[in-house]
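All remarks here apply to the structure that follows.
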There are 2 protein chains.
Amino acid sequence: MKKKLSIHDIARELGVSATTISFVLKGGERGKKVSEPVKQRILSYIESIGYKPNPIAQNLRTGKSKIIGMLVEDISDPFFSAIGRIVEDSLYKSGYKIFHASTDNDTEKARNLLHLFRERQVDGYIVAPTPGIQKEILELLHEAKPVIVFDRYFPEIATTNVVIDNAGGAYTATMHLIENGFTKIAFVTLDSDQIQMSERLAGFNKAIAEANLESRCLKVRYKTSVQNLSAEIKEFISGYAGVDGILFGTNYLAVSGLKAIQDLQMIIPNDIGIVGFDDNSHFELFTPSITAVAQPVEQISKKIVQLLIKALSENDTVLTAKTYALPTELIVRESSVRNATFAVKTNMSKSETKL
Amino acid sequence: MKKKLSIHDIARELGVSATTISFVLKGGERGKKVSEPVKQRILSYIESIGYKPNPIAQNLRTGKSKIIGMLVEDISDPFFSAIGRIVEDSLYKSGYKIFHASTDNDTEKARNLLHLFRERQVDGYIVAPTPGIQKEILELLHEAKPVIVFDRYFPEIATTNVVIDNAGGAYTATMHLIENGFTKIAFVTLDSDQIQMSERLAGFNKAIAEANLESRCLKVRYKTSVQNLSAEIKEFISGYAGVDGILFGTNYLAVSGLKAIQDLQMIIPNDIGIVGFDDNSHFELFTPSITAVAQPVEQISKKIVQLLIKALSENDTVLTAKTYALPTELIVRESSVRNATFAVKTNMSKSETKL
DNA sequence: TTGAAAGCGCTAACAG
DNA sequence: CTGTTAGCGCTTTCAA
């Protein structure tokens, strides 16, 4: 078993100092000043034995870990795992590794996780914040660590946020339902103050108000089991003066709602029109296929990475606090269109990304 | 901004040596030998200022990182992300963090990732191996690092494997199709030599042979786009002498297949019976609902964690090479049962886990 | 029962 | 242009 060599072993072997090797390895200003012959000798030797500096030692010495901490609500949720995947790939390419963790939207858990990340000296954070985590995020900022907040954010604290146009998405979706003749439209959402949900509600209400309709809304508790969710939605639909259209606030609410509607033996879209928020690769295959507000997962991920890499490379340059709201896309399918001869899947034209 | 204190700062403050503090912190044999008063003073002071030893320094000194490297095919696949989630939660509870990475089943990528993990001195590995990665896995074993191989494995190398009973699952599923009157049954799978796929094929063929039927099989290339996949399956179904039943080898093959069947305007299960391998939370909502071989995600995850934690805690105890094959469960739904009055969703009785 | 000293492998002043 | 030195914060002989 070949013993790992250290930079000093190599220094001895080559008759130069560890310092010189370190300079060569780093390149940059100081690296230039090493004479060509020496540099070549070092480089080729290192190449030949496949030496790689020990990142732990570098970390201890420099305080840089080349690790990013990523905090999401639930990595097994398709939305977060899709983003996780893209972010991970991009960041690995830039030499960073990722610590992932899921908060379940639990403040205490998120706090612990953030502390763990900090102890481990992660170089930057990507976080989908839980409620009440403002203080911890501010602390990270004070330590001059780059933090990208995504999916939701706190308007009261100055962070760099990558989100989507929630209000716009909900507005467009609701309008679409209205234009297709639905009038008793409800918004089924989470009983949550988080901004992504309140914006969706606001967008919904705006459309409803413009059309002079009555606003109906069901707020369910977070972490309600699928069965209970379904039951609650069922009761709501049958109880609440004949709802004939629903915009669901999240993808799993839509799934539970679909189950409820199935149990109720109602026909989509004849009896009730459906739109989900957050598209899903299976919605297309449902019968009828399900209309949804799609989030630009790819764009969100790229934006997060781009901002983070920038902050990481520009030494100590603090990120400007700014909210990037990426446009959503309404994918119209059968569940929201009463017109029997549904032919082509229409995608709304994408508005351009404001970056 | 409060400066992080080191163990020496505390030593000075308390008038003891860093050594003593270290002993107290570690507990164990050596910790016992510190006198009570001193120990209490140290403990309460540390508690009061919230001191935590720097894990990077510990890592450098001891070679233990308290990090586990987890390599999956694609973290955005529901199967892998579900497992990732559970493993992550359990391991965090034991003080470990996780590096995740996705291989896309690409050998070269997997190699790089494994090297990265190694450089970072991860304490253990959880790997869904790509083809051709045997040598690298053996190297890790030689370094006496615990490695848990899952989802698939290499029969020719002695590793600890956590998999499912692929042959049994496929056999049961095929038998189920046969019992429900389907006779021209095909297996749609990946053109792959990996063991999980070849075992599924074997299970399928066994059932087909026992029933004296003709074996039909479509092997598609890995990483075929959804469109092409769908087209290929479409061609296969219509071209291949009237297939009337399909067992799909993976969840995404099933989804593409469903799309194909939809395009073909065939009626499930009347024209064609369908069973998927690897259940999905949405299969229940499809019309008709889709029968599937469910993998015991929870059990797989628990087993992985249990084995890993054991290996990690028992100093230097090498894991015994052994394959744990967990039982699958056939979730019978509408897509495979011609009998019109489908009433209750039947779950096959679970065979007991062999642990 | 406690402490001094020697590093783990690397980097960064500061000399030369 | 290159090398010496002094740590980063911790653990672990070894000696007291």
Side-chain angles (χ1 to χ4, degrees), chain A residues 2-43 45-46 49-67 95 118-121 123 315, chain B residues 2-43 45-46 49-67 95 118-121 123 315:
Chain A
K2 59 192 169 205
K3 180 81 174 58
K4 261 282 197 184
L5 318 191
S6 82
I7 198 170
H8 281 111
D9 299 326
I10 297 177
R12 201 173 314 115
E13 188 69 30
L14 255 36
V16 299
S17 82
T19 312
T20 306
I21 299 181
S22 183
F23 285 152
V24 170
L25 251 19
K26 297 281 88 105
E29 281 311 294
R30 257 342 287 277
K32 303 291 158 214
K33 312 204 161 180
V34 177
S35 69
E36 265 319 303
V38 178
K39 193 189 294 189
Q40 283 317 319
R41 212 150 53 85
I42 293 176
L43 250 18
Y45 184 67
I46 278 177
I49 64 167
Y51 165 80
K52 290 277 183 54
N54 177 332
I56 314 296
Q58 292 184 128
N59 188 177
L60 181 60
R61 183 61 234 241
T62 64
K64 302 284 177 214
S65 63
K66 298 295 258 178
I67 297 175
R118 206 172 62 121
E119 274 172 27
R120 283 291 177 158
Q121 304 184 188
D123 292 342
N315 252 342
Chain B
K2 60 193 168 204
K3 180 82 172 59
K4 262 282 195 185
L5 317 190
S6 82
I7 199 171
H8 281 110
D9 299 325
I10 297 177
R12 201 173 315 114
E13 187 69 30
L14 255 36
V16 298
S17 82
T19 311
T20 306
I21 299 181
S22 183
F23 286 154
V24 171
L25 250 19
K26 297 280 88 104
E29 281 311 294
R30 252 352 280 276
K32 302 293 159 213
K33 312 204 161 180
V34 176
S35 69
E36 262 323 299
V38 178
K39 192 189 295 188
Q40 283 317 320
R41 212 149 54 85
I42 293 176
L43 250 19
Y45 184 68
I46 277 177
I49 65 168
Y51 165 79
K52 291 276 183 55
N54 178 334
I56 314 296
Q58 292 184 128
N59 189 175
L60 181 59
R61 183 59 232 245
T62 65
K64 303 282 176 215
S65 63
K66 299 294 261 177
I67 296 175
R118 205 171 63 119
E119 273 171 29
R120 283 290 176 161
Q121 304 184 189
D123 292 342
N315 253 343

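Just so it is clear, the values below take in all heavy atoms, side chains as well, and ignore hydrogens, waters and symmetry mates. To find a chain, count down the sequence lines: A is the first, B the second, and so on, and within it residues start at 1. Because the structure is predicted, anything quoted here is derived from the model rather than measured.
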Task: Shortest non-hydrogen contact from B/Lys32 toward B/Lys39 - done: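 Scanning both residues completely, I find the closest heavy atoms to be CA-NZ, 4.2 Å.
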Open item on the list: Could you report the tightest heavy-atom contact between B/Lys4 and B/Lys52, atom names first, then the distance?
Closed with: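 Scanning both residues completely, I find the closest heavy atoms to be NZ-O, 4.2 Å.
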Find the distance [X]:[atom1] to [N]:[atom2] and express it as a whole number of Å.
X	N	atom1	atom2	result
A/Arg41	D/dT2	CZ	P	10 Å
B/Gln121	C/dC10	CD	C1'	12 Å
B/Ile21	C/dT1	CD1	C1'	15 Å
B/Glu119	C/dG9	CD	C1'	14 Å
B/Lys64	C/dG9	NZ	P	15 Å
A/Ile7	C/dA12	CD1	C1'	12 Å
A/His8	C/dT11	NE2	P	10 Å
B/Lys26	D/dT13	NZ	C1'	16 Å

I'd like to check [X] versus [Y] (side-chain heavy atoms, cut-off strictly below 4.5 Å). Are they in contact?
X	Y	value
A/Arg120	A/Ile67	no
B/Tyr51	B/Leu25	yes
B/Val24	B/Val16	no

Roughly how far, to the nearest 0.5 Å, is the [atom2] atom of [Y] from the [atom1] atom of [X]?
X	Y	atom1	atom2	value
B/Ile46	B/Arg41	CD1	CZ	11.5 Å
B/Arg12	B/Ser17	CZ	OG	12.5 Å
A/Asp9	A/Leu14	CG	CG	11.5 Å
A/Leu5	A/Asn54	CG	CG	12.0 Å
B/Phe23	B/Ile42	CZ	CD1	11.0 Å
A/Ile56	B/Asn59	CD1	CG	4.0 Å

TODO: Specify the residues of residues 50-63 of chain A, ordered by number, for which at least one heavy atom lies under 4.0 angstrom from an atom of DNA chain C.
DONE: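 A/Tyr51, A/Pro53, A/Asn54, A/Ala57, A/Gln58, A/Arg61, A/Thr62, in order of number.
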Open item on the list: Of the options C/dT2, D/dC1, D/dC10, whose atoms approach the side-chain atoms of A/Ser35 most closely?
Closed with: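 Of the options given, the side chain of A/Ser35 lies nearest D/dC1.
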TODO: State whether A/Thr20 places a side-chain N or O below 4.0 Å from either non-bridging phosphate oxygen (OP1 or OP2) of D/dT2.
DONE: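 For A/Thr20, the contact criterion (side-chain N or O under 4.0 Å from OP1 or OP2 of D/dT2) is not met.
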Task: B/Ser22 (side chain) donor-acceptor with B/Ala18 (main chain) under 3.5 angstrom - done: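 No: the side chain of B/Ser22 does not pair with the backbone of B/Ala18.
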Task: Upstream residue (5' side of DNA chain C) when A/Ser6 and B/Val38 are each assigned their closest nucleotide - done: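 First, find each residue's nearest nucleotide; the 5'-ward one identifies B/Val38.
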Could you go over nucleotides 14-16 of chain D and give all protein N or O partners under 3.5 Å, atom names and distances?
none

TODO: Mark yes or no for a side-chain to base donor-acceptor pair under 3.5 Å between B/Thr19 and D/dT12, with no hydrogen or angle criteria applied.
DONE: yes
Open item on the list: Let's see if you get this right: which residues in residues 10-18 of chain B place a heavy atom under 4.0 Å from DNA chain D?
Closed with: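 Going residue by residue through residues 10-18 of chain B, none turns out to have a heavy atom under 4.0 Å of DNA chain D.
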